[in-house]
There are 2 protein chains.
Amino acid sequence: MSETHAPARGAATLHDVAREAGVSLATASRVLNGSTRKVAESYRERVDAAAEKLGYTANLSAQATARGTSAIVALLVADIGDVSFGRLASGVVRGAEEAGFIVTIADTGRDPERELRLVRTLRGQRPRGLILGVARKAGSDSAALQNELTALAAMGCHVVVLGEGEPGQRSISLGNRGGAEALGAELAELGYRQAVVIGGPEGLRASDDRIGGFTAGFTDGGGTTAAVRHGATTRDAGYAVARELLADGLAEGTLIFGVSDLVAAGIASALRDAGRQVGVDIAVAGFDDIPTCRDIGPGLTTVRAPFDDLGYRALRAAVESDWQHDAEVPLALEVVVRGSTPRRDG
Amino acid sequence: MSETHAPARGAATLHDVAREAGVSLATASRVLNGSTRKVAESYRERVDAAAEKLGYTANLSAQATARGTSAIVALLVADIGDVSFGRLASGVVRGAEEAGFIVTIADTGRDPERELRLVRTLRGQRPRGLILGVARKAGSDSAALQNELTALAAMGCHVVVLGEGEPGQRSISLGNRGGAEALGAELAELGYRQAVVIGGPEGLRASDDRIGGFTAGFTDGGGTTAAVRHGATTRDAGYAVARELLADGLAEGTLIFGVSDLVAAGIASALRDAGRQVGVDIAVAGFDDIPTCRDIGPGLTTVRAPFDDLGYRALRAAVESDWQHDAEVPLALEVVVRGSTPRRDG
DNA sequence: TTGTACGCGTTATCAC
DNA sequence: GTGATAACGCGTACAA
């Protein structure tokens, strides 16, 4: 038997494997990790056996320092507890596994200050890519953040921002505007003529795009958007604003569009609590197609937003060495009509 | 002025900073990264200035190799797209930021084979902790996985499993059983006497615990659990099984408990589609308290499960050097009664 | 094809 | 207090 050289503590190192197999460090490295160089079959077997026996797994940190580049993609999101971001992360992680990358995740809690701090921290990982899934407000990108991002880019990190990016930046967008436009058009076609929109805070890109798209589609179809209210993008905000709307008086047959399903869910509850019937009395539509859409009221009409696909693509964009925006085909958003917006006669 | 030694490409290194500040590597290291050693104020200032000027950020990989230990916690979940796991991740990430750790995430897709592969991969990171948020089936832990875990533990990685762990393992559980028991008791108190349970696949710990807890609490309160049906833990499964139940005939005043809110949401829709009225005709209760609970039917009675707290605690358990199970106080699960289970007279 | 030796960026142990 | 210098675990010219 071979001598006792079991790694007293800690994991087996490449050195251990080489010794156990009776080969040089270099040879062991070549067989265990991808190298173009060839190594004799007999050696290969011995090394593999030794690695297996010792339970060797390459130390990724050491590999990263040696190679000068890591197999890490950092994901920064506004709120990982949010369903949509969860699905986004799901797509990112799926892509990462395929591509052999590791995903690190951080959460800004929608706080720009924290975002900046986190991006700084992330730089330490020397990630190959950074996916910025943060709710962006128009023109709110601080210079400091931009500096960080260009610094990141300078060290070879592919920064991909979700939504519209600056020119020259890798970016990929969900298609909020187009999806909402299709929704507006469809609802106009269904016979709705009066709509009210409950959106997120003014300036929030995703919200603004959805509002703009919906209004365009609905107007083109012959409808009129009577009002746009701004609030938080939450269920409670939807509920609260809807109650205000009801207090102000809301004509029967009016359609309320909430910029997200969560908002729409709040709206539906507000209507119900006020004794109005969703769908027959007042119509409601949302955006996202969260899992419980079918179970809200008579079923919530919405737009299916493929956040997982978005995440998957973002990862590809973060990982590929060359990437061109133009090659991207738009994601497929699908209008899903349910009971909350039945066809209107008339 | 100092010479031109701008790092041609890539990030500034500690070496660069030291040279720019005109001090030694060691000194630069001491001021920039935590060291107990003191360094003169004048030097400290110069180093800080140089670091700032060069935009220095420590290379974490290099730090990890040098220190022999990383500041990484790996999170392995069954499905990050699931709301509950999203909230879990949220808590983990929050704790990690506090503790100065980085979180890497991977997704098993509920596939044991993939789980094993991923744990192997994760070993490469030499993480300080590993959080296993995977849906566990009783007795399904393969020997191979156990081996991996002990290997991990041997290299100093704190493995913390969510749910009931093996003795000697760090584990922390949500309290499914207790929560469900409280729910059962509360519903019995509200006057319900007949219940049917729609659970997940047989053997799934979380599901079994909830079923067992509910039955115990309900029975103790004077109720009877007429039947337990097993299926997937999904909305569609809830819907399908509920339809079967209806086809078989369901007495008015019966209560249906779905082991998760998603299942319960499906149940509620099945009832509605069959012309039954949730709450007045048949009662429904769930578990988790997902965001749209209030907007499903007349509001879904459920148990608020603090997944984010669970995640936060899991991170603490993964990070702390010594940790004892006994010190953990149970998480606070709260029964939330809503319209889907009004008080029954009689 | 195989092995030697140096470098990656950082920490830590020593002398000074 | 400060600065050389040897690790850390691994990749990879380069030489053999």
Side-chain angles (χ1 to χ4, degrees), chain A residues 5 7-47 50-51 54-72 123-127 155-156, chain B residues 5 7-47 50-51 54-72 123-127 155-156:
Chain A
H5 50 239
R9 220 199 120 61
T13 156
L14 188 59
H15 196 95
D16 299 326
V17 176
R19 202 171 23 165
E20 168 82 17
V23 301
S24 79
L25 251 169
T27 309
S29 171
R30 291 197 265 262
V31 6
L32 258 17
N33 312 325
S35 170
T36 52
R37 315 264 316 237
K38 287 189 184 295
V39 26
E41 194 54 34
S42 60
Y43 277 24
R44 160 161 276 120
E45 283 170 9
R46 279 164 56 188
V47 171
L54 267 45
Y56 171 78
T57 308
N59 183 323
L60 261 42
S61 293
Q63 243 174 230
T65 47
R67 288 208 237 260
T69 169
S70 72
I72 296 181
R123 253 181 70 190
Q125 308 179 215
R126 305 291 187 268
M155 38 188 260
Chain B
H5 50 239
R9 219 196 124 60
T13 156
L14 188 59
H15 196 97
D16 298 328
V17 176
R19 200 168 28 165
E20 169 82 17
V23 301
S24 77
L25 251 174
T27 307
S29 172
R30 290 198 264 262
V31 6
L32 258 17
N33 312 326
S35 171
T36 50
R37 314 262 319 233
K38 287 189 184 294
V39 26
E41 195 53 35
S42 60
Y43 277 21
R44 159 160 275 119
E45 282 170 9
R46 278 164 58 190
V47 171
L54 267 44
Y56 171 78
T57 307
N59 182 324
L60 287 159
S61 293
Q63 248 176 344
T65 50
R67 287 208 239 259
T69 169
S70 73
I72 297 181
R123 255 182 68 190
Q125 307 177 213
R126 304 289 185 271
M155 36 188 261

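Just so you know, these numbers use all the heavy atoms, side chains as well, and skip hydrogens, waters and symmetry mates. Residue numbers start from 1 in every chain, and the chains themselves are labelled A, B, ... in the order their sequence lines are given, proteins ahead of strands.
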Within less than 4.0 Å of OP1 or OP2 of [N], is there a side-chain N or O belonging to [X]?
{"X": "B:Tyr56", "N": "C:dT10", "result": "yes"}
{"X": "A:Ser29", "N": "D:dG11", "result": "yes"}
{"X": "A:Thr27", "N": "C:dG3", "result": "yes"}
{"X": "A:Gln63", "N": "D:dC10", "result": "no"}
{"X": "B:Ser61", "N": "C:dC8", "result": "no"}

Choose from [options] the nucleotide whose nearest atom is closest to any side-chain atom of [X].
{"X": "B:Asn33", "options": "D:dG11, C:dT10, C:dT2", "answer": "C:dT10"}
{"X": "A:Ala66", "options": "C:dT4, D:dG11, D:dG3", "answer": "D:dG11"}
{"X": "A:Ala26", "options": "C:dT2, D:dT12, D:dG11", "answer": "D:dT12"}

Give a yes or no on whether a donor-acceptor pair under 3.5 Å exists between the nucleobase atoms of D:dG9, that is its base, and the side chain of A:Thr65.
yes

Taking atom types as they are modelled, would you say the side chain of B:Arg30 forms a donor-acceptor pair with the base of D:dG3 within the 3.5 Å cutoff?
yes

Is any side-chain heavy atom of B:Val47 less than 4.5 Å from a side-chain heavy atom of B:Glu20?
no

Residues A:Leu14 and A:Tyr56: closest non-hydrogen pair is N-CE1, 3.4 Å

Closer to the 5' end of DNA chain D via nearest nucleotide, is it B:Val39 or B:Arg67?
B:Val39

Between atom CZ in A:Arg123 and atom P in C:dG9, what is the gap in whole Å?
14 Å

